Amino acid sequence: MDVGQITAIVTGGCSGLGHATAVALRDAGARVALFDLDAASGEQRVNELGAEHTRFYNVDVRDEAQVRSAIDDVKSKFGDLHVCINCAGIAPAKRTLDKEGAAAPLEDFQRTVDINLIGTFNVARLAAQAMSQQATLNDDGERGLIINTASVAGYEGQIGQTAYAASKGGIISLTLPMARDLCSLGIRVNTIAPGVMGTPLLLAMPEKVQDALSSNVPFPKRLGYPKEFAGLVKHMITNSYLNGETIRLDGGLRMPPK
Ligand SMILES: NC(=O)c1ccc[n+]([C@@H]2O[C@H](COP(=O)([O-])OP(=O)(O)OC[C@H]3O[C@@H](n4cnc5c(N)ncnc54)[C@H](O)[C@@H]3O)[C@@H](O)[C@H]2O)c1
């Protein structure tokens, strides 16, 4: 797919990796729809990216009706939907038993899995449905592409990351079967598993913490740049042979227990 010709949904597109992706896609000429809970920065992002080719939708990725209606609106504004990039997510930490021996609240675990895993599946399935109803784009018969965001925690979760790791491991595990489900329709599915990236989430942490996180990265010894994530998204869009795969983007990092 030619990045300049596509319409893309970016969930979590108001911040961090989603925002960097929206910027890179817009710079390449794509039309972009931001699905995010952060209404306060939504309009600002639209102005920054160019109101003619950008829309903001105040959408909770867990909500079927909101996502359906936003996708319908994207199609009515921009025509076919080619790419769906799922970046919305949260990363809370809680040990299975706390220092006093009390069990972690079940609702915290449920909320993380709901947003990260079920929210990703919800948006992906509805985007795939919209893509399945449109004409093919090229000789390969491509109709669309879904890109999910997991985490290296989906492979080696740290202390306190049971919920986060389970939610991201679920995303890694669903990548291949979803690609298999959708292959006859010409829709590819890939996932990116980032390591430690310099998004507002991490850059708000004390410098000492950031340095400690960077020091575990073999090379380059730093946080990843959000634009490096966006660069991989663009590669996934242009490389039609990449399908059913999760790619780590982590400078060779393998997370230690803590
Ligand atoms: N930053 C990292 O180091 C890192 C590493 C690995 C994986 N990730 C993953 O990358 C993704 C983006 O992370 P980030 O660092 O850019 O975070 P971020 O907090 O900067 O951005 C996340 C965005 O998702 C939105 N969001 C949260 N819940 C939502 C919901 N229910 N519906 C719609 N939007 C919602 C937020 O409003 C926010 O704009 C997350 O899935 C995260 O788990 C990040």
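In each ligand, atom 1 is the first atom listed, and ligand 1 is the first ligand listed. One is the number of the first residue; the rest follow in order along the sequence. Note that the structure is predicted; figures quoted are calculated from it, not measured.
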Discussion item. Side chain or backbone, does Thr149 bring an N or O within less than 3.5 Å of an N or O on ligand 1?
Written reply: no

Discussion item. Given 3.5 Å as the limit, does a donor-acceptor pair link the side chain of Arg188 with the main chain of Ile237, or not?
Written reply: yes

Worksheet item: Out of curiosity, is Asp36 lining ligand 1, as in a heavy atom under 4.0 Å away?
Response: yes

Worksheet item: Among Asp38, Leu37, Asp250, which one has a heavy atom closest to atom 34 (N) of ligand 1?
Response: Leu37

Discussion item. Can a donor-acceptor pair be found, under 3.5 Å and without considering hydrogens, that links the side chain of Arg62 to the backbone of Asp114?
Written reply: no

Worksheet entry | Leu202 and ligand 1 - part of the residue with a heavy-atom distance under 4.0 Å | side chain

Item to complete: Indicate whether atom 43 (O) of ligand 1 is within a distance of less than 4.0 angstrom of some protein heavy atom.
Response: yes

Worksheet entry | Any donor-acceptor N/O pair, Lys75 side chain to Ala70 backbone, under 3.5 Å | no

Discussion item. Can you tell me if Phe229 contacts ligand 1 (heavy atom of the residue under 4.0 Å from the ligand)?
Written reply: no

Worksheet item: Tell me: protein heavy atom nearest atom 31 (N) of ligand 1, and distance?
Response: Asp60 OD1, 3.0 Å

Fill in: Neighbour count above 12 (heavy atom, 6.0 Å) for Arg254 CZ
yes

Item to complete: State whether the side chain of Arg95 and the backbone N or O of Lys99 hold a donor-acceptor pair below 3.5 Å, judged by distance alone.
Response: no

Worksheet item: Just by distance, do the side chain of Ser167 and the backbone of Tyr164 share a donor-acceptor pair under 3.5 Å?
Response: yes

Worksheet item: So does Phe121 have more than 12 non-hydrogen atoms from other groups sitting under 6.0 Å from CZ?
Response: no

Worksheet item: Looking at ligand 1, does any of its N/O atoms fall within less than 3.5 Å of an N/O of Cys14?
Response: no

Worksheet item: Got the closest protein heavy atom to atom 19 (O) of ligand 1, with its distance?
Response: Leu201 CD1, 3.9 Å

Worksheet entry | Proximal candidate to atom 33 (C) of ligand 1 [heavy atom criterion; set Val59, Leu203, Thr11] | Val59

Worksheet entry | Residue selection (non-hydrogen contact nearest atom 22 (C) of ligand 1) among Gly16, Ala153, Gly224, Gly89 | Gly89

Fill in: Donor-acceptor contact below 3.5 Å, side chain Asn243 vs main chain Val189
yes

Response to the item:
If we number the atoms of ligand 1 from 1 as shown, the ones under 4.0 Å from a heavy atom of Gly12 are 23 (C), 24 (O), 25 (C)

Worksheet item: Has ligand 1 got any nitrogen or oxygen that is less than 3.5 angstrom from a nitrogen or oxygen of Cys87?
Response: yes

Worksheet item: Among protein heavy atoms, which lies nearest atom 20 (O) of ligand 1, and at what distance?
Response: Ser15 OG, 2.6 Å

Worksheet item: With distance as the sole test, does Arg45 use its side chain to make a donor-acceptor pair with the main-chain N or O of Thr54 at under 3.5 Å?
Response: no

Discussion item. How far is atom 8 (N) of ligand 1 from the closest protein heavy atom, and which atom is that?
Written reply: Tyr164 OH, 3.6 Å

Worksheet entry | Ala153 backbone acceptor or donor facing Gln161 side chain under 3.5 Å | no

Worksheet entry | Pairs flagged by salt bridge (Lys or Arg N to Asp or Glu O under 4.0 Å) wherever residues 202-230 is involved - sequence neighbours left out | Arg222-Glu228

Fill in: Leu17: numbered ligand 1 atoms lying under 4.0 Å from its heavy atoms
10 (O), 16 (O), 44 (C)

Worksheet item: Nearest to atom 32 (N) of ligand 1, what protein heavy atom do you find, and at what distance?
Response: Val61 N, 3.0 Å

Response to the item:
of all protein heavy atoms, closest to atom 26 (N) of ligand 1 is Ala88 CB, 4.0 Å

Practice prompt. Record the part of Thr199 in heavy-atom contact with ligand 1 below 4.0 Å; permitted values are side chain, backbone, both and neither.
Written response: side chain

Worksheet item: Just how far is it from atom CZ of Phe229 to atom SG of Cys87, taken to the nearest 0.5 Å?
Response: 4.0 Å

Item to complete: Identify the protein heavy atom lying closest to atom 41 (O) of ligand 1, giving its residue, its atom name and the separation to 0.1 Å.
Response: Lys168 NZ, 2.8 Å

Practice prompt. Please work out whether any backbone atom (N, CA, C, O) or any side-chain heavy atom from C-beta onward of His19 is under 4.0 Å from ligand 1, and answer side chain, backbone, both or neither.
Written response: neither

Worksheet item: Mind checking who shares a hydrophobic cluster with Ile159, ILVMFWY linked at side-chain heavy-atom distances under 4.5 Å?
Response: none

Response to the item:
In this structure, atom 3 (O) of ligand 1 is nearest to the protein heavy atom Met197 N, 2.8 Å

Discussion item. Under a plain distance cut-off of 3.5 Å, with no hydrogens placed, do Gln133 and Arg143 share a side-chain donor-acceptor pair?
Written reply: no

Practice prompt. Work out whether the distance between some heavy atom of Gly195 and some atom of ligand 1 is less than 4.0 Å.
Written response: yes

Discussion item. Just to be sure I read this right, does ligand 1 sit under 4.0 Å from the backbone of Ala91, its side chain, both, or neither, counting only heavy atoms?
Written reply: neither

Worksheet item: Does Ala150 come within less than 4.0 angstrom of ligand 1, counting non-hydrogen atoms of the residue?
Response: yes

Worksheet entry | Under 3.5 Å: N/O of Ser151 near N/O of ligand 1 | no

Item to complete: For Glu142 and Leu137, indicate whether the former's side chain and the latter's backbone hold a donor-acceptor pair under 3.5 Å.
Response: no

Worksheet entry | Main-chain N/O of Asn148 paired to Asn190 side chain as donor or acceptor, under 3.5 Å | no

Fill in: Contact atoms of ligand 1, heavy-atom distance to Val196 under 4.0 Å
3 (O)

